[in-house]
Amino acid sequence: MPINPEAWKVGLDHYLYLSSLLFIFGMLGVLMRRNVIVILMCIELMLNAVNISFIAFSRYAESTNGQVMVFFVMTIAAAEAAVGLALAVTVFKKFKEVNIRFFEHLKG
Amino acid sequence: MLSSADFLFYFLGLVSLVFGLGVVLFRNPIYSALCLVITMISVAGIFGTLDAWFIAGVQLIVYAGAVTVLFVMVLMLFDLKHEMKTFSKGVIGNGVKLAASGVLLGMLGTYIWATYATEPTFKPLPAAATSSIKATKDLATSLFTTYIFSFEVIGILLLVIAVGAVTLSRITGGTHHAD
Amino acid sequence: MGKDVFEIVVNCVKMLLIFLVMVQLVPILVWLERRVSAFMQNRFGPNRVGPLGLIQLLADAVKFLFKEPFFPEKGMAVMYYGAPIMALIPGALALAAIPLGAPFHLEQFTWLGREWGPYDFIMQGYDFGVGIVIVLGVSSLGAYSLLMAGWGSSNKYSLLGALRASAQMVSYELALGLSLVGILMVFNTFSFYDIIAQQTGMPLTFNFFGKVHSIAWLPNWGIFFNPLGALIFFCASFAETNRLPFDLPEAEGELVAGFHTEYGGFALLMFYIGEYGHMMVASALMATFYFGGYTIPYVANESVANWVSSGGLATHPNWAAFLTSLIFFLVFLLKVFLFLLIYIWVRWTLPRFRYDQLMDLGWKTMLPWALFNTVLTAVWLAFSHRPV
């Protein structure tokens, strides 16, 4: 694949590459970390990655719908962080444990 | 010839990627959280390069100013300095996870590349048609007309979440004893 | 940044100057704080070194610089050293987003044997249009420096102070942001320049059920449209800046010195600069939103420009434009200083709150009142324009 200098000019595709890379990082964190709070943080990372692509699409399509979606995503993310952290704090107070494996014992 | 906006994008993108990787790799969760803050700030900057200044400001207020502060505070309350098992066990399991992520990344990348390979000419960023004030007004207009139902639903969701979080934290007492 | 070398250099120097204004006002404010507190407590304050004790500042600076820097034994270096630097960033960035004077226009002029094209400069670090959102966003980053300081010092008192501080800042940010919604609705814009332009010149003019009334002896300032919002904003900004009566993070009776227990010398000074920077940002926002920004009450901006050019102060129109902008900058600085004086006054008057009282005040008093203010303003705006 010949690299032409035009390819370095930032277009929509660059934002999408960045977004997918960040998303994969977040996904790796969710899959491989054990600390439940770090997993929550990685979910925030994934949501941020999706937000980048939303904003990029909305900018290049010249419509505000993508920005509205980002607004909603942010609201949901804040809510999710609040409940997730409240759960983690409750479990930690009771069992002194933040390992995601431990949460399996909560079933039944 | 790259413009200064392009350099800004590459710089912010590099910062967000490096510190995003830091979130995943740091063994100390506090450092992970601080890396997340820097990622959030650079993502706000990337929103700025896309002329979404209002969303960039909201990103700073909501994510960097509130959500991540909450994470850092909870981590400091837990005092998790000595975390022995950072990553999940099992060579095969981890291999599968890495491979799955790699495959997904490859698929996404190929798809984006293939889409843009068919349009060989560079598609420039359309010039900002309106000022950021006007863009914010447009955002508000579509938020409060087209998406008003979703907006109200989100409001109810937030109320439910607030009640739920307070209830959860009162189960074991919190700072005040339940009386 | 700019079209040519001149504009780029001017813009860079401007950024540097705004940062220096923030840093250089701090010793003056420290001196003012000590003198005013001494006056209020019937003491003298620093009055030995130099006229009115002004050289005391220099002595203090030298003392701060020559103190031995130390590092707590089990501290974390990155956070311990990063925290004071982080303390400077939010204040400086937020101050750079606020217009400190009227924008001015330079005609084409010849200098160093070259024509320099017409320029438009703003007395502001950067302008993104939606200024207030950016200011709130940037200043909300202030919590991290306290958290980093508290954790990096690995000291129980520091950590408790930092946790208190960040909880306080996050809670009061809500009231702070919501109290501004009312005034944004009144002026119907996010842009600082539009807000200031609507407060300029004419006497207080408002719609009352379809009829336009005006009160000649009051300026057209935001505080008359939204007094409740102004009160909540000012009170919440005390909590945002961690000043007394809300200085729980460094409650010395309980926590030694809070998050900066382990700091001394220059690092401590940087925390002070950050705190005073926050105060300046809050005062500047107060002046911009509720007290007409850089404009002079009862005086239109054009008449200031006319006065400068006709009074023989400056012959060339470019110098006149610059001088006019400088006058507006001084007016703005005067307003900011008045609010900073109120900060100092309150600090030495009111006792400290208890922590649960602080949280109750934030969540159960200020937040509902800020919401009420928003609803009240909305109802007022909806009905006041209609004839009965």
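Throughout, a chain's letter reflects where its sequence line sits, starting with A, and its residues are numbered from 1. Since the structure is predicted, the reported quantities are computational estimates derived from the model, not experimental observations.
In this structure, chain B has a heavy atom under 4.5 Å from the side chain of C/T189, while its backbone stays farther away. At a 4.5 Å heavy-atom cutoff, C/V135 makes no contact with chain B through either its backbone or its side chain. Within the 4.5 angstrom heavy-atom criterion, atoms from both the backbone and the side chain of C/L136 approach chain B.
Within the model, atoms CZ of B/F54 and CD1 of C/I132 stand 11.5 Å from one another, a figure rounded to the nearest 0.5 Å. Note that the CG atom of B/L77 and the CG atom of C/L163 stand 5.0 Å from one another [nearest 0.5 Å]. Distance check, rounded to the nearest 0.5 Å: CE of C/M79 to CD1 of B/I30 gives 5.5 Å. To the nearest 0.5 Å, atoms OH (C/Y144) and CD1 (B/I41) are separated by 7.0 Å.
Annotation: side chain of C/V133 is not in contact with side chain of B/W53 (no heavy-atom distance under 4.5 Å).
Nearest heavy atoms, C/M148 versus B/L34: CG-CD1, 4.0 Å. Contact between C/L147 and B/M76 at its shortest, heavy atoms only, is O-CE, 3.2 Å.
With sequence neighbours left out, the ring pair (Phe, Tyr, Trp, His ring centres under 6.0 Å) criterion links B/Y31 to B/F26.
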Output a table of donor-acceptor pairs, distance under 3.5 Å, between side-chain atoms of residues 58-72 of chain B and any protein atom two or more places apart or on a different chain; print 'none' if there are none.
| from | atom 1 | to | atom 2 | distance (Å) |
| --- | --- | --- | --- | --- |
| B/Q59 | NE2 | A/N48 | OD1 | 2.8 |
| B/Q59 | NE2 | B/M40 | O | 3.3 |
| B/T68 | OG1 | B/Y63 | O | 2.8 |

